[in-house]
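First up is the structure itself, then whatever we jot down about it.
Note that the coordinates shown come from a computational prediction; the quantities given were computed from them, not determined experimentally. Just so it is clear: chains get the letters A, B, ... in the order the sequence lines come, proteins before strands, and each one is counted from 1.
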2 protein chains.
Amino acid sequence: MTREPVAATEVFKALGDPIRWNIVQQMAQQEELACSVLEDTLPVSKPTISYHTKILTQAGLIEVRKRGRNYFYSLRREVLRSLMDEMWTLAPGPRLVSSQEQESRSEAPALKAAVGDDTPRSATLLTW
Amino acid sequence: MTREPVAATEVFKALGDPIRWNIVQQMAQQEELACSVLEDTLPVSKPTISYHTKILTQAGLIEVRKRGRNYFYSLRREVLRSLMDEMWTLAPGPRLVSSQEQESRSEAPALKAAVGDDTPRSATLLTW
DNA sequence: GCGTTAGATTGACGTTCGTTGAACTACTGA
DNA sequence: TCAGTAGTTCAACGAACGTCAATCTAACGC
């Protein structure tokens with residue numbers, strides 16, 4: 001059941017790219033995401049998408065399922081939670097954000113050219 | 001009070017390097033950390049340390065205080081928490097790790113050559 | 001003043017990363 | 001069987017990253 005342990009820094013590095021973060025965000029909403037959707041929503045070529053999904057897979061963040069000639073990706077939320085646990089030991093405390101603040105944040109202005117101007121989801125900005 | 005908003009991916013990228021992750025871990029324990037300590041504990045030269053602390057500062061993760069000719073760094077935990085909040089919206093759920101599991105994890109075998117063999121803290125490995 | 005020390009900056013170097021066109025593989029449907 | 005499609009792999013490229021020696025700057029002690 002337990003897989004190869006992955007260094008925390010490798011997961012951080014995987015999340016530290018706008019396109020990959022965008023992919024993870026999309027997958028968090030869809031439960032399972034077709035590769036073709038990524039081709040439509042991301043402003044990069046097919047090989048580039050393949051490159052990024054590979055990095056996410058190696059970091060343990062996503063799981064790949066092949067059905068015929070189509071590929072489907074799904075987010076491995078337990079990995080994200082495991083990383084959050086690790087961060088929590090460094091900065092323990094209750095969750096800060098109220099539900100309406102989450103709402104407003106998802107409508108925050110996009111960081112321009114972070115992943116292209118016509119991207120479905122805007123870049124995530126942190127304020128504190 | 002609120003500073004320049006920083007993209008989440010920039011913070012992830014800052015955390016995605018073994019040396020910087022090590023620095024953050026040390027600062028989580030010390031409340032305030034002298035630069036000289038980093039020079040003693042990290043297997044890299046002074047300019048390299050300066051380079052990494054600069055990246056952490058730009059990501060908003062640490063704060064610099066100069067006292068005479070000495071520099072002191074401190075962790076900005078609210079930034080880490082803000083990032084955790086963002087991750088939580090993607091993978092909501094309770095914390096997973098029990099206190100004794102945290103204990104055993106901190107004693108986990110080091111990932112060799114992740115940041116040098118004589119590093120005070122071992123590399124963080126994730127299991128799920 | 002003047003040498004020393006702590007740490008940042010600069011400049012150079014090799015390595016890794018992100019991107020693409022081209023070629024390839026595996027599946028589909030007729 | 002064979003053309004078309006979905007997605008990967010390969011090879012190459014420029015850009016960004018991580019490292020260090022050398023240099024610089026500011027504060028210290030005398």
Just N and O in the side chain of A/His52: are any of them under 4.0 Å from OP1 or OP2 of C/dT19? yes
Go nucleotide by nucleotide along DNA chain C from the 5' end; which of A/Gly16 and A/Arg67 gets its closest nucleotide reached first? A/Gly16
Hey, does A/Phe72 reach any base, or is it just sugar-phosphate, or nothing, if we go heavy atoms under 4.0 Å? nothing
Is any side-chain N or O of B/Thr48 closer than 4.0 Å to OP1 or OP2 of D/dC20? yes
Return the value, rounded to whole Å, for the distance between atom CD1 of A/Ile19 and atom C1' of C/dG18. 8 Å
Nearest-Å distance for atom pair CG/P, residues A/Leu42 and D/dG7: 13 Å
Answer with yes or no whether the side chains of B/Ser74 and B/Glu31 bring together a donor and an acceptor at under 3.5 Å. no
Under 4.0 Å, counting only non-hydrogen atoms across every strand here, what does B/Arg20 touch: a base, just sugar-phosphate, or nothing? sugar-phosphate
Please report, rounded to the nearest Å, how far the P atom of D/dC20 is from the CD atom of B/Glu39. 12 Å
Check whether B/Arg20 reaches the backbone of B/Lys13 with its side chain - one donor and one acceptor, N or O, closer than 3.5 Å. yes
Counting the atoms with a prime plus P, OP1 and OP2 as sugar-phosphate, which does B/Ile55 contact under 4.0 Å by heavy atoms, base, sugar-phosphate, or nothing? sugar-phosphate
Provide, to the nearest angstrom, the distance between the NZ atom belonging to A/Lys54 and the P atom belonging to D/dT9. 5 Å
Output yes when a side-chain donor or acceptor of A/Ser82 lies under 3.5 Å from a complementary backbone atom of A/Glu78, and no otherwise. no
Separation of B/Leu15 atom CG from D/dG18 atom C1', in whole Å? 17 Å
Measure across B/Cys35 and B/Tyr73 and return the closest heavy-atom pair with its distance rounded to 0.1 Å. CB-CE1, 3.7 Å
Side chain of B/Ser50, backbone of B/Lys46: donor and acceptor closer than 3.5 Å? no
Between B/Tyr51 (OH) and D/dA22 (P), how many Å, whole number? 21 Å
Rounded to whole Å, please give me the gap between NZ in B/Lys46 and C1' in C/dT10. 16 Å
Reckon A/Tyr71 touches a base, only the sugar-phosphate, or nothing at all at heavy-atom distances under 4.0 Å? sugar-phosphate
N or O in side chain of B/Ser45 less than 4.0 angstrom from D/dT19 OP1/OP2: no
What is the distance from CG of A/Asn70 to C1' of C/dA26, rounded to the nearest Å? 12 Å
Pick the closest DNA chain C nucleotide for B/Tyr73 and for B/Arg69 by heavy atoms, then say which residue is nearer the 5' end. B/Arg69
